[in-house]
S.K.: 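Could you have a look at this structure, given as structure tokens, before my questions?
Each ligand, and each atom within it, is numbered from 1 in the order the structure gives. Keep in mind it's a predicted model, so treat the numbers as computed, not measured.
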Amino acid sequence: MPETILIVEDELSLQETLAYNLKKEGYIVETVGDGRSALEAARRLKPDLIVLDIMLPEMDGFEVARILRKEMSAAILMLTARDDEIDRVVGLEVGADDYLTKPFSMRELMARVKSQLRRARLLREEMGKDSATSMPKHETLTFDNLIINLTRREVILNDQVIQIKPKEYELLLFLAEHRRQMLSREFILERVWGWDFIGDSRTVDVHVRWLRQKIEVDSSNPIRIVTVRGGGYRFEG
Ligand code: CA
């Protein structure tokens with residue numbers, strides 16, 4: 001079944017160009033031009049991917065992403081026009097999966113779209129595998145005083161739920177599911193962010209730093225998420 005993409009862009013010529021190119025690739029595409037319509041369309045369509053501009057009438061892309069992130073698992077690819085927006089998107093406080101800076105080429109856009117959709121497919125397959133073999137689905141992962149609740153997407157440390165951003169949670173879960181394995185920054189970037197290009201692995205470092213501040217006793221001497229020299233990271237438990 002073809003995947004569904006919602007385009008949220010108020011600049012009409014760009015909206016049309018995006019829609020034309022994505023339809024040509026065989027995707028089901030719907031377009032809207034403001035934040036409120038984006039919420040309505042996303043709830044109705046349940047798209048696989050949302051291409052989301054930041055500067056929008058009614059409600060900006062940050063707000064749209066924040067709301068939709070809580071309601072659905074659609075991948076969110078943000079379109080930024082200004083440098084000061086990039087910091088917020090890269091920090092991913094809003095829960096975006098990837099971003100593109102305007103102006104961008106259609107080739108670039110297509111690469112990011114495919115990469116995000118591939119990542120979503122992998123996730124679905126992994127989840128499908130669990131139910132097919134009727135393995136009891138673990139609801140929590142426990143590492144001493146650190147508990148990850150998969151159903152509630154919560155992290156509990158010393159019996160307290162800690163404040164954690166969506167991407168930090170995904171990263172921690174990914175590390176925990178590969179306990180004691182050395183994971184390269186590139187591999188983490190591909191599997192957690194869906195970015196299959198090298199050069200943004202600092203994103204991984206920044207998120208690891210944030211996670212350490214939350215789950216390590218001493219974040220400058222980490223014992224849970226350790227750095228592997230010349231390699232990447234390893235979750236010890
Ligand atoms: Ca705009």
S.K.: Number of protein N/O/S atoms less than 3.0 Å from the Ca ion (ligand 1)?
M.R.: 3
S.K.: With rounding to the nearest 0.5 Å, note down the distance linking CG in Leu157 to CZ in Arg224.
M.R.: 6.5 Å
S.K.: What about Phe174 and Tyr233, are their ring centers closer than 6.0 Å?
M.R.: no
S.K.: Give a yes or no answer on whether the side chain of Asp60 reaches the backbone of Phe62 with a donor-acceptor pair at less than 3.5 Å.
M.R.: yes
S.K.: Among Arg118, Arg69, Arg112, which one satisfies salt bridge (Lys or Arg N to Asp or Glu O under 4.0 Å) with Asp97?
M.R.: Arg69
S.K.: Does Asp218 offer a backbone N or O that forms a donor-acceptor pair with the side chain of Gln213 under 3.5 Å?
M.R.: no
S.K.: How would you list all residue pairs meeting ring-ring contact (aromatic ring centres under 6.0 Å, His included) that involve residues 41-60, not counting sequence neighbours?
M.R.: none
